[in-house]
Each structure stands twice: as structure tokens, then as C-alpha cells.
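Numbering starts at 1 and runs along the sequence shown. A quick note: this is a predicted structure, and the numbers were derived from the prediction, not measured. All values below were derived from every heavy atom in this structure, side-chain atoms included, with hydrogens, water molecules and symmetry-related copies excluded.
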Amino acid sequence: MRVLVTGGCGFIGSHVVRALLAEGHTVTNLDALTYAANPANLATVASHAHYRFVHGDICDVPLVRDLVAEADTVLNFAAETHVDRSLLDPGVFVRTDVEGVVTLLEAVRTTRDVMLVHMSTDEVFGSLPAGMEAAEEAPFAPTSPYSASKAAAELQIRAYAETYHLPVTVMRSCNVYGPNQHIEKFIPLFITRALAGAPLPLYGDGLQEREWIYVDDLVAAVRVVLAGLPRAPGVHAIHIGTGERLPNRAVAETICRLAGGNESLIQRVGDRPGHDRRYALDSGRLRARGWTPAVAIKEGLALTVRWYAENAAAWEPAQGAEFREYFQRQYGERLGAG
Ligand code: TDX
């Protein structure tokens, strides 16, 4: 395949780029290098003969049109992804997550012979009651500016697929974790702070439930999806979920144990506004295609804690001025008041 990956310097994108190159595909990586990108994630493949990096924005119409025209498959991982940041600064989420997707759709519409595969999220369904799982056709009920932008992107995809008879595959994943994830996210934030003996800001009662997938399992799922892309016009949605659903407090306690920290580091702080209580995906469609997760959460957390402990040089640069300012806005008062 000749794949255009967008957002390939991010967490999920970089794992997928490496896997695609290892499988012999040709990869062009279009990345805007926002705060969340880390080109070091791709240092080992930077000079690979079948890899090309393009520094640019998915909202750049002529650039995207040219790159899409060279590809047979477009994999969209470019996005603003952090819910807390969407509460502080929603505009950039609409731009990248919605306008960026429309830019891709326009390029795909005019190129035609290219398969678009888009990464979405379990958050488009909003909070689910206990015992319920969202199947691919469940109704959207997003609650944060982030999840609303991802749902809006999906509605644009649906509109284009319907109007212009385009085949588009939409993957919706549960929470991903593992090496190279930006330290703003729950698991890496708690790991890096536990390693430093710093307080761990647990929002609200800590009983919110998330479904977790180790990044290698996510990459394996993406490979299964890519191996059988439906070519019929329409939206082909597929859920990537493990069924491993845990309250945040339990994850935080495990991290404390693994990082050699004390559970007293966990500090309950003011809740995230509009905080969804529970996500859960029905992943039967993907499993019917032979995928099953290989890494249980306990093992995955141990691997992840070890990676952050042994690879400080890979994530410490992310703790620069931009992050310190964000951290102060997000947690300054919360931790001060805790
Ligand atoms: O400091 C924190 N304290 C805390 O209690 C942070 C950062 C998070 N949390 C809680 C909020 C969530 O219930 O932990 C849970 C996970 O938080 P995040 O890592 O921010 O992830 P979440 O909001 O669940 O969204 C993630 O999964 C779905 C990704 O950020 C999204 O991009 C993805 O679509």
C-alpha cells in the first residue's frame, strides 16, 4: 500500500507508521508538529527508504490534495485529543478535528480511487449506563468539546459517503495507553508523577470507568482493519475494544504499586466539568474478523511503567514551558485546594 498517515508523529500514529513500514508499505507522514507530536517517536525509521515526512497541516487544502493524490490509502490520526484541553481552548479542536477531516474528504472526493480510514473514539457515544455497550450503530451523544468535534467529523464523513458514494472506514477505539503517549494523559501523567513522588490528581470520586487497550493491541487491530477494507460506498464503522473496564481509582492504585509509590500520592481533586462516567464498546465485529487483545491491563500497565521509568529522555522534553503552563491552568488550583 501507499499510505498517507496524518498525525504520524503522535502517540498512536507513530506506532502505526512503524508497523506499516515493517510490513513493507510505503508511508508518507503528514504532521503539523503541534505540542503533542514527538518526532523522536519515529527516529528509528526517519531514514527508511519507504518513509517520507511532510511537515504540514491537514487543513492545508492544496497540500492535502497533492498528498492524497499520491496515496491509495489515507489513515487519519491527526487530531487534538485531550478532553481537558478542549475545555480550555475548544476552537482548535473544531479546526483540526472537523475542518481537517472535511479537507481530507474533499481531497478524497476529487481523487476518488483512494480509501479513507479515520480514527474516532468511544467518546462520541457519551456516557453509558452500567451494563450497556455501544455497538457500531448506536446513537451519538457527545458531551465534551473534544467528543463533539469527533462526532461532528463523523457526521461530515457520513454526509460525504452518502452524497458522493465514497467508501470510508471509521475505527472507534476505547482508551489507548502504552509507550510514547503524551504525559498529559491519565496513565502517563500518573506514572511520571508517581515515579517523581508527586501527587496524583484524581478527578472527582475516581469511580469513572474507562475501557483500556495496550497500544500494540490497537496496532494489531488497525492491521486487521486495513487487511479487509470494504470498498462499497458508505461508512463502515468498526469498534476496537478490549472489555477491560476499570474505575480510574483502581488504575491509579495499580500505577502506584508498580511505580514504587505510595497510594497516599493519590489526591482527589475537583472533577472535570461534564466528566463522562462510563465508556464501553461492543467490539464483536472486529473479533469476528479474528482479532483479540493479547495484553491484559495488568501486564500492559507493568510494561508501560517500566518504559516510562527507563526512557525518561523520550518524554522529559514534553515537560517544557508549554506543558508547565498547561499544567498550572489545569491543576494549579485543583492541587492547591486538594
Ligand atoms: O489528571 C487526570 N485525572 C483524572 O482523574 C486526568 C488527565 C484524567 N483523569 C481521568 C479522566 C478520565 O475519566 O482519567 C480518565 C482518563 O482520562 P484521559 O487520559 O484524559 O482520557 P479520556 O478523557 O478518557 O479520553 C481518552 O480516551 C478517548 C483520550 O484522551 C481521547 O483522545 C480518546 O478519544
Side-chain angles (χ1 to χ4, degrees), residues 11-12 15 36 38 81-85 122 130 173-218 241-273 275-280 293-320 323-324 326-338:
F11 167 49
I12 297 173
H15 282 272
N38 185 0
T81 67
H82 196 41
V83 173
D84 292 324
R85 288 194 190 244
D122 56 7
S173 177
C174 64
N175 281 54
V176 190
Y177 71 101
N180 288 329
Q181 189 168 29
H182 193 279
I183 53 166
E184 68 190 357
K185 295 288 203 280
F186 174 57
I187 286 180
L189 181 76
F190 275 37
I191 291 174
T192 53
R193 291 180 66 81
L195 290 169
L200 311 180
L202 188 68
Y203 294 156
D205 60 10
L207 298 179
Q208 306 83 4
E209 221 176 275
R210 293 291 182 271
E211 179 169 343
W212 293 101
I213 184 168
Y214 188 65
V215 66
D216 288 356
D217 282 329
L218 188 274
T242 59
E244 291 217 81
R245 300 167 192 142
L246 290 169
N248 294 336
R249 172 166 284 281
V251 174
E253 286 166 358
T254 305
I255 288 172
C256 282
R257 276 197 298 280
L258 290 167
N262 189 309
E263 281 176 25
S264 65
L265 287 177
I266 299 172
Q267 190 173 318
R268 274 178 66 165
V269 299
D271 207 351
R272 170 187 283 175
H275 197 170
D276 287 336
R277 291 298 285 182
R278 180 175 178 273
Y279 301 136
V295 183
I297 178 92
K298 280 222 167 91
E299 186 194 343
L301 281 177
L303 290 169
T304 306
V305 169
R306 194 181 322 145
W307 186 85
Y308 280 89
E310 291 174 356
N311 292 279
W315 53 265
E316 272 174 356
Q319 286 179 323
F323 184 73
R324 285 199 300 277
Y326 160 73
F327 190 88
Q328 187 54 33
R329 278 178 84 190
Q330 180 62 21
Y331 298 100
E333 256 181 45
R334 282 185 166 91
L335 284 169

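- Residues Y177 and L301 form a side-chain contact, since some pair of their non-hydrogen atoms from C-beta on lies under 4.5 Å apart.
- The closest donor-acceptor contact from the side chain of H182 to the backbone of N38 lies at 3.5 Å or more, if one exists at all.
- Between the CD atom in E209 and the CG atom in L246 there is a gap of 7.5 Å [rounded to 0.5 Å].
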Test side-chain contact (heavy atoms from CB on, under 4.5 Å) on L258 and K298; report intermediate values, then the result. CA-CA 10 Å; L258 290 167; K298 280 222 167 91; over 6 Å; no

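- To the nearest 0.5 angstrom, F190 atom CZ is 14.0 Å from Y308 atom OH.
- For the residue pair G241 and C174, the shortest heavy atom distance occurs at CA-SG, 3.9 Å.
- Residues forming a side chain to side chain contact (heavy atoms under 4.5 Å, CB included) with D205 (at least two apart in sequence, or on another chain): L207, Q208, R268, R277.
- One distance of note links CD1 of I191 with CZ of F186; it measures 9.5 Å at 0.5 Å rounding.
- The shortest distance between side-chain heavy atoms of R272 and V83 falls below 4.5 Å.
- The OG1 atom of T192 lies 6.0 Å from the CD atom of Q319; values are rounded to the nearest 0.5 Å.
- Here the side chains of N311 and P179 are not in contact, with every heavy-atom distance at 4.5 Å or above.
- Ring pair F323/Y326 is tilted by interplanar angle, where 30° to 60° counts as tilted.
- Residues meeting the side chain to side chain contact (heavy atoms under 4.5 Å, CB included) test with E244, sequence neighbours left out: T242, A296, I297.
- Between the D217 side chain and the A294 main chain, a donor and an acceptor come within less than 3.5 Å of each other.
- Annotation: side chain of W212 is in contact with side chain of V251 (closest heavy-atom distance under 4.5 Å).
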Go through the steps to decide whether T81 and K185 satisfy the test side-chain contact (heavy atoms from CB on, under 4.5 Å), and finish with yes or no. CA-CA 10 Å; T81 67; K185 295 288 203 280; 2.8 Å; yes

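- Taking each heavy atom of T304 and G178 in turn, the nearest pair found is OG1-CA, 3.6 Å.
- The minimum heavy-atom distance linking A194 with A259 is given by the pair CB-CB, 3.8 Å.
- Contact of the L265 side chain with the R193 side chain is not registered, since no non-hydrogen atoms from C-beta on lie closer than 4.5 Å.
- A donor-acceptor pair is defined here as one N or O able to donate and one able to accept, closer than 3.5 Å; such a pair exists between the side chain of R334 and the backbone of G270.
- A distance of 9.0 Å separates CG in L189 from CD1 in I255, rounded to the nearest 0.5 Å.
- The minimum heavy-atom distance linking C256 with I266 is given by the pair SG-CG1, 3.9 Å.
- E263 has a carboxylate O that lies under 4.0 Å from a charged side-chain N of R257, or vice versa, which qualifies the two as a salt bridge.
- Between the OH atom of Y331 and the OH atom of Y203 there is a distance of 3.0 Å, given to the nearest 0.5 Å.
- With hydrogens and angles ignored, the 3.5 Å screen pairs no side-chain donor or acceptor of Q267 with any backbone N or O of P201.
- Looking only at distances, a side-chain donor or acceptor of Q181 sits under 3.5 Å from a matching main-chain atom of V176.
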